[in-house]
Structure formats: structure tokens, C-alpha cells
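Just so it is clear, the model here is predicted, and its values are computed rather than measured.
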Amino acid sequence: MAITHCRICGRELFPEILLELKNMPAAAQNFPTAETLADDHGIDLELRQCSCCGVVQLTNPPVPYFRDVIRAAGCSPEMHAFRLKQFSDWLEEFQLQNAKILEVGCGKGEYLEIMREAGGEVYGTEHLDESVQVCRKHGLNVEQIYFEHGDEKLKNGPFGGFFILNWLEHIPDLHTFLQGIRNNLTPDAAGLVEVPNFDMMLKKGLSAEFTADHLYYFTEETFRVTLESCGFQVLSCRSVWHDYILSANVRRKQPLDTSLFRRKQQMLVREINAFAGRYGKTAIWGAGHQSLAVMAMAELDKKICYVVDSAPFKQGKFTHATHLPIVPPDTLKNDTPDAVLVMCAGFSDEVARILREQYDPAIRIGILREDHVEELPC
């Protein structure tokens, strides 16, 4: 049954059919024999585009052997030379000479052997038993597996680098598949990922490049979007091999380092409490969202007498979390504090001038800057 939603992001496909190709080959391998020829029939390929992530894709179901795609072409001298240089440069660029390198979908090990020649400590995964046996006969360390659920663990992991060449376009559930790869990588692992170049197909109108085997047709833009959405940071992406291939260098995404927030928060809380502790009665000017957050973080509910704000809709109410009364500016004349800490972001200097010009000059004034309290001279 034709799909109506994107296989990658789950959003609806545009209703318009981009291209329909009639009576096309139903597969690119498993050729019919004389005995099975009568059972071989052409199929119609329907191409549509995701309305959200933009990936162009077939609405047809995947071919039955998508886990067992084989590389029909041998490694010509030109391709061998290209891959050897590419792999050598990649190992050097990402300092992977001493790392374990995994090829996902390694076939019969042609590229594993070139990666090993380039200096990598190579391992592979492959689903097709026949190909696995060929790899092992050649002394290659290959595990028979397909990332079906995303939580599979490889025996020799984790790996500092991985490569997957012209197979992603075959995989129905890319998120799960790439999650399975990520779960077997070191935190800072680098990857080399390649797919056919749909930009080139569009530019040259190469309709013969469409095949039932390829579910997706990636431009550079949608290739980047897909990899990023599946947990990889795209460091670079370019066309290679006579523009037929999009080649991306990626890293496994890591959570952001938020330690600076914690350090700055601790420093700010210390400075605010020190300012409030130096004087008997301290007020705050400003009940904006930043001020509310700072009051809560610094636990100022018992150290501040009230909060001044010029917005009438806030006056007579209380601050969130700390429950401090919010009062109009004239309160500073009737119930004068010893100090005022101004927390008004871009308006703080203006408020400080108003305090100096219109209120008791004996009031000590502090201004909350980005990461410290600036106390103004009397």
C-alpha cells in the first residue's frame, strides 16, 4: 500500500505526485530466471515529497531484500584509488588511526579491506549470510546483524568511527536504524555517510536513476536535515565521484555543555545575597521574567521587603514563587529602603538615573549585570 506520511519525520506528504514512472523493474537484484520469468511484472513508481522535512521519497513499499542489498559492481582501479585517498584523509582529519572503525552494511568487505589498507582497525556489520561468510574467509571481523530495533549492541563496540556507503536510501525506518548505529559509538565518534546525489539527478533530469530499491532521494539540504534529525551533527557535505554521490562527514551529537549556567548562577546568587546582606532594608526594582527568575534562584523571599515595578497591571500583586509584594515606584518615598537592587535588563541604567534624581540620595543602588552586581557610588 502506498504511504501517505513521511518515513523519516512522520508528517504528511504533499498530495501532488512529483513523478510517476509506469511499468518499472520491481527490483534491481534477484533477477528472474527462465523458470520464474512469467512471474516477473513491472510496477509503477510514485514519487512524492514530505511537506515538512522536504525529503523526496517513493510511496511504494521497500523491496523485500532491503536488509540484504548487494554491491554488484566490483572495485575498479579508479574507485580503489579514490576510496583509499578518501579513507586515508578521513582517518587523518578525525584522528582515527587508533580507533575502531565500523562499516555498516559492509557487503563482501570490499571497502573494509580498503579502509584497513588506509590504516583503520576495521569491523563490519552485514545481514546477508553469504556476504558475511565471504568477509570472514578474508579475515574480516564482521557481525551478522541489522539494526531492527535501535538497541542492538555489537560485540566489539563501541566504535570511534563508522562509515555507511550508499545504503541509507534503502532503509525504511531510518531513525531506528541510525539510533542503532549511534548506540554503538563512542561519545565523540565521527562518521562518513554517503547517498546518491539527487541534486545531480534534478539538474540533469536523470529519470533512469529512479529504482524501486531506493526509497529516498536526498538533496544536500534534505540529507543534512535527515542526519541532524537522527542524532548526528553534519560537519561537511559535498558531492563526490563525478557528482553521483553526496558525502557527509558527521559526528555523534552530544548534549550541550550547560556548566557555564551553573557557574554563573552560583556566582550571581553569592553577589546578590552579599549586596542584600550589607544593608538593612533592601528592595528590588523590576518584576520582569529575568528578575522573577533571579529572585527565585537566590531565594530572596525573606531578604527583600518589596519589588518595585512601574507597570500598573503588576502593582498590588505578588511575584511568582517568592511571593513578594509588587508596589508602585512612589512606595520608595513613603517606605524608603536602605538599598535598591535594579533588575530591569536593558532599562537598568535608566532606572538607576531615576532613582538618583527623584528619590532619596542616601539609597544605595546596585545594578544586576549579566554575571555580577555593580554597586554605584553614592
Could you measure the distance from the [atom1] atom of [X] to the [atom2] atom of [Y]? Nearest 0.5 Å is fine.
{"X": "D44", "Y": "I17", "atom1": "CG", "atom2": "CD1", "result": "10.0 Å"}
{"X": "C135", "Y": "E113", "atom1": "SG", "atom2": "CD", "result": "8.0 Å"}
{"X": "H320", "Y": "I326", "atom1": "NE2", "atom2": "CD1", "result": "7.5 Å"}
{"X": "L45", "Y": "F210", "atom1": "CG", "atom2": "CZ", "result": "9.0 Å"}
{"X": "I164", "Y": "L178", "atom1": "CD1", "atom2": "CG", "result": "6.5 Å"}
{"X": "K85", "Y": "I114", "atom1": "NZ", "atom2": "CD1", "result": "14.5 Å"}

Pairwise side-chain contact, [X] with [Y], heavy-atom cut-off 4.5 Å (strictly under):
{"X": "M115", "Y": "W90", "answer": "yes"}
{"X": "E78", "Y": "W241", "answer": "yes"}
{"X": "E209", "Y": "F198", "answer": "no"}
{"X": "P196", "Y": "L246", "answer": "no"}
{"X": "L84", "Y": "Q86", "answer": "no"}
{"X": "R83", "Y": "F87", "answer": "yes"}
{"X": "D330", "Y": "Y359", "answer": "yes"}
{"X": "Y123", "Y": "V142", "answer": "no"}

Counting only heavy atoms not in [X] (residues, nucleotides, ligands), do more than 12 fall under 6.0 Å from its [atom1]?
{"X": "H242", "atom1": "NE2", "value": "yes"}
{"X": "D129", "atom1": "CG", "value": "yes"}
{"X": "F347", "atom1": "CZ", "value": "no"}
{"X": "K153", "atom1": "NZ", "value": "yes"}
{"X": "Q358", "atom1": "CD", "value": "yes"}
{"X": "Q254", "atom1": "CD", "value": "yes"}
{"X": "R369", "atom1": "CZ", "value": "yes"}

How about [X] and [Y]: does a side-chain donor come under 3.5 Å of a side-chain acceptor?
{"X": "H80", "Y": "E117", "answer": "yes"}
{"X": "D213", "Y": "H170", "answer": "no"}
{"X": "T226", "Y": "S229", "answer": "no"}
{"X": "T33", "Y": "E35", "answer": "yes"}
{"X": "S51", "Y": "E12", "answer": "no"}
{"X": "T59", "Y": "E46", "answer": "yes"}
{"X": "D335", "Y": "T331", "answer": "no"}
{"X": "Y146", "Y": "Q144", "answer": "no"}
{"X": "S239", "Y": "N197", "answer": "no"}
{"X": "Q266", "Y": "E271", "answer": "no"}

Is it true that [X] and [Y] make a salt bridge, defined as a side-chain N closer than 4.0 Å to a carboxylate O?
{"X": "K253", "Y": "E228", "value": "yes"}
{"X": "E220", "Y": "R238", "value": "no"}
{"X": "R48", "Y": "E16", "value": "no"}
{"X": "K22", "Y": "E20", "value": "yes"}
{"X": "E126", "Y": "K108", "value": "no"}

Are [Y] and [X] linked, directly or through intermediate hydrophobic residues, by side-chain heavy-atom contacts shorter than 4.5 Å (ILVMFWY only)?
{"X": "L215", "Y": "I3", "value": "no"}
{"X": "L227", "Y": "V225", "value": "no"}
{"X": "F218", "Y": "I245", "value": "no"}
{"X": "Y306", "Y": "L355", "value": "yes"}
{"X": "I363", "Y": "L376", "value": "yes"}

Problem - Geometric cation-pi criterion, R252 with F232: 6.0 Å, 45° - result: no
Practice task
Run through I304, T336, D338 and flag the one making a side-chain contact (heavy atoms from CB on, under 4.5 Å) with K281.
Solution key: D338
Problem - With W285, the side-chain contact (heavy atoms from CB on, under 4.5 Å) member among L332, D309, V307 - result: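 Looking at L332, D309, V307, the match for W285 under the side-chain contact (heavy atoms from CB on, under 4.5 Å) is L332.
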Handout entry: Minimum heavy-atom distance between G119 and L91, given as atom pair plus value
Key =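 Minimum heavy-atom separation between G119 and L91: C-CD1, 3.9 Å.
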Practice task
Verify the ring-centre separation between F223 and Y216: is it less than 6.0 angstrom?
Solution key: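 Y216 vs F223: aromatic centres not under 6.0 Å.
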Problem - Check: F163 ring centre within less than 6.0 Å of Y111 ring centre - result: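 Here the rings of Y111 and F163 have centres that are no less than 6.0 Å from each other.
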Problem - Pair E194-S247, side-chain hydrogen bond (donor to acceptor under 3.5 Å, both in side chains): steps then yes or no - result: CA-CA 5 Å; E194 293 186 350; S247 183; 2.9 Å; yes
Practice task
Could you check whether the rings of F275 and Y279 sit parallel, tilted or perpendicular, using 30° and 60° as the cut-offs?
Solution key: perpendicular
Handout entry: T222 side chain to T219 backbone, donor-acceptor under 3.5 Å
Key =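 Side chain of T222 to backbone of T219: a pair is present.
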Practice task
Would you confirm whether W167, through its side chain, and F66, through its main-chain N or O, come within 3.5 Å as a donor-acceptor pair?
Solution key: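 Present.
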